[in-house]
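Counting starts at 1 for both ligands and their atoms, in listed order.
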Amino acid sequence: MEKRISGYTTLIGLLATPIKHTSSPKMHNEAFQYLGLDYAYLAFEVGNDGLEDAVKGLKAMQARGCNVSMPNKTVIHKYLDKLTPAAELAGAVNTVINDDGVLTGHITDGVGYMTSLKDAGFDIIGKKMTIVGAGGAATAICIQAALDGVSELSIFNQDDEFFARAEETVKKINEKTNCKAKLYRLEDKEALRREIADSVIFTNATGMGMKPYVGQTYIEKDMLRPDLIVSDVVYQPAKTRLLELAEEVGCKTINGLGMMLFQGAEAFKCWTGKEMPIEHMKEFLFGDNK
Ligand code: NAD
């Protein structure tokens with residue numbers, strides 16, 4: 001890596017906190033090196049307080065852009081010049097491109113999710129999805145699914161501070177896309193059972209299944225059936241309790257590793273104009289754990 005970096009190397013940053021655990025520098029720097037592209041990707045521990053200065057700094061230093069993660073995803077738009085339609089609808093940004101001082105905010109989580117399904121051979125366009133979650137990941141997925149042509153979305157969330165965000169998302173989807181979206185409380189198990197029953201895919205887009213909820217799920221086994229696709233955005237652990245249950249029933253399953261890879265690939269394309277070398281990256285990042 002140090003042999004690669006020179007006075008010509010262009011910076012791409014990641015602004016988030018906590019951030020030391022991130023695998024994004026590993027992913028992007030490997031892809032730059034593999035394709036011989038003269039960029040370097042570094043993570044910076046920045047929260048809401050330092051965000052405006054950090055964005056100005058990256059712009060002043062002519063960085064090509066940055067990724068943004070929690071807690072900055074819903075705040076950074078204030079410091080940008082433009083947003084893509086998906087970022088505008090999702091009310092969140094995870095990727096910024098600097099085109100000669102003009103900063104555009106993108107959201108690649110939803111594209112990453114939809115691409116991961118396609119990559120796994122799952123076609124949900126024109127069909128119904130039931131999804132649980134109303135945070136950053138879920139909102140981006142719902143918006144992109146609606147923009148891509150998923151016909152119906154049944155969204156569930158527990159009765160917490162995210163529920164109001166889900167109400168807004170449902171309103172925007174129904175007003176601005178051809179998808180029909182409905183919202184339910186996760187506590188309503190009969191509604192959950194009924195909505196899953198005529199969906200082709202069920203998605204967990206909450207932290208359920210990862211720390212501190214490892215080994216847990218709100219799903220009951222008899223809500224699942226063999227021809228259902230069961231998808232979990234969690235990738236640590238790679239097999240959540242939900243995916244274990246789904247495998248026992250014989251469902252087709254997919255975890256969050258693909259979403260993680262393809263949201264990165266989409267950001268990579270925004271900055272470099274090049275496709276990330278996906279097969280190489282799968283081997284490099286996941287090895288046998290695909
Ligand atoms: P967030 O904090 O924005 O949203 C949290 C969501 O989880 C809310 O809908 C909340 O109501 C729900 N929730 C919290 N505790 C719950 C519980 N006990 N039972 C049911 N629902 C609960 O978080 P986020 O950024 O949307 O992330 C959600 C999950 O998605 C995390 O596990 C994160 O690791 C994962 N994620 C994966 C990728 C990927 O690339 N695979 C990308 C982003 C996020």
Side-chain angles (χ1 to χ4, degrees), residues 14 16-19 21-24 26-28 48 67-76 90-95 106-117 119-120 130-144 153-170 183-189 192 202-220 231-243 253-268 276 278 281-282 285-286 289-290:
L14 165 59
T17 185
I19 201 54
H21 65 284
T22 178
S23 49
S24 293
K26 181 176 168 186
M27 169 166 64
H28 287 289
N48 289 174
N67 272 145
V68 188
S69 194
M70 298 313 284
N72 301 325
K73 281 180 157 182
T74 53
V75 178
I76 195 164
V93 166
N94 79 330
T95 301
H106 294 242
I107 183 88
T108 69
D109 289 329
V111 174
Y113 178 78
M114 295 300 287
T115 310
S116 74
L117 292 184
D119 183 66
T130 292
I131 181 166
V132 180
T139 306
I141 291 171
C142 290
I143 296 292
Q144 196 63 44
L153 267 171
S154 289
I155 303 171
F156 287 77
N157 206 72
Q158 64 181 15
D159 194 4
D160 64 10
E161 71 276 17
F162 288 92
F163 200 83
R165 185 166 177 193
E167 286 175 325
E168 258 176 62
T169 304
V170 164
L183 177 61
Y184 303 89
R185 290 190 195 277
L186 184 57
E187 291 77 5
D188 186 350
K189 293 287 181 211
L192 185 59
F202 171 72
T203 302
N204 171 55
T206 75
M208 179 55 84
M210 71 180 281
K211 250 190 198 169
Y213 304 112
V214 175
Q216 298 181 38
T217 176
Y218 42 74
I219 283 291
E220 287 154 25
S231 148
D232 203 325
V233 300
V234 172
Y235 55 87
Q236 254 171 352
K239 198 181 286 182
T240 56
R241 182 70 192 130
L242 168 66
L243 294 188
T253 61
I254 176 167
N255 67 18
L257 284 172
M259 175 178 173
M260 193 264 280
L261 173 63
F262 286 105
Q263 63 76 29
E266 187 65 19
F268 187 88
M276 188 177 260
I278 292 298
M281 297 312 296
K282 280 183 184 169
L285 291 171
F286 314 143
N289 198 15
K290 278 174 247 176

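- Looking only at heavy atoms of the protein, atom 5 (C) of ligand 1 is closest to Phe162 CZ, 4.0 Å.
- Counting atoms of ligand 1 from 1 in the listed order, those under 4.0 Å from a heavy atom of Val234 are 32 (O).
- At least one side-chain heavy atom of Lys73 sits less than 4.5 Å from a side-chain heavy atom of Asp109.
- Atoms of ligand 1 found under 4.0 Å from any heavy atom of Asn157 (numbered from 1 in listed order, with element): 8 (C), 9 (O), 11 (O).
- If you number the atoms of ligand 1 from 1 as listed, the ones under 4.0 Å from a heavy atom of Gly256 come out as 39 (C), 41 (N).
- The ligand atoms of ligand 1 that sit less than 4.0 angstrom from a heavy atom of Ala137 are 24 (P), 25 (O), 26 (O), 30 (O), 43 (C), 44 (C).
- Close contacts of ligand 1 with Tyr235, meaning ligand atoms under 4.0 Å from a residue heavy atom, involve 39 (C), 41 (N).
- From the protein, the heavy atom lying nearest to atom 4 (O) of ligand 1 is Gly135 CA, 3.3 Å.
- Proximity of Met260 to ligand 1, defined as any heavy-atom pair under 4.0 Å, is shared by backbone and side chain alike.
- Taking a cut-off of under 4.0 Å to the non-hydrogen atoms of Asp160, the atoms of ligand 1 that pass are 10 (C), 11 (O).
- Shown in contact with Met210 at under 4.0 Å from a heavy atom are these atoms of ligand 1, numbered in order with element: 31 (C), 32 (O), 34 (O).
- Of the protein's non-hydrogen atoms, the one nearest atom 42 (C) of ligand 1 is Met259 CE, 3.7 Å.
- Atom numbering of ligand 1 starts at 1 in the shown order; those under 4.0 Å from a heavy atom of Gly133 are 9 (O).
- The N/O atoms of Val233, backbone and side chain alike, include one that comes under 3.5 Å of an N/O atom in ligand 1.
- The residue among Tyr218, Tyr213, Phe156 with a heavy atom at the shortest distance from atom 18 (N) of ligand 1 is Tyr213.
- Counting only N and O atoms by type, the side chains of Tyr113 and Ser231 include a donor and acceptor under 3.5 Å apart.
- Here the side chains of Cys142 and Ile131 are in contact, with some heavy-atom distance below 4.5 Å.
- At the shortest separation from atom 23 (O) of ligand 1 among protein heavy atoms lies Gly136 N, 4.5 Å.
- For atom 12 (C) of ligand 1, the candidate residues are Asp109, Leu261, Thr206; the nearest heavy-atom contact is made by Thr206.
- Looking at atom 15 (N) of ligand 1, its nearest protein heavy atom turns out to be Gln158 NE2, 3.7 Å.
- Looking at ligand 1, you'll find an N or O of Ala134 within less than 3.5 Å of one of its N or O atoms.
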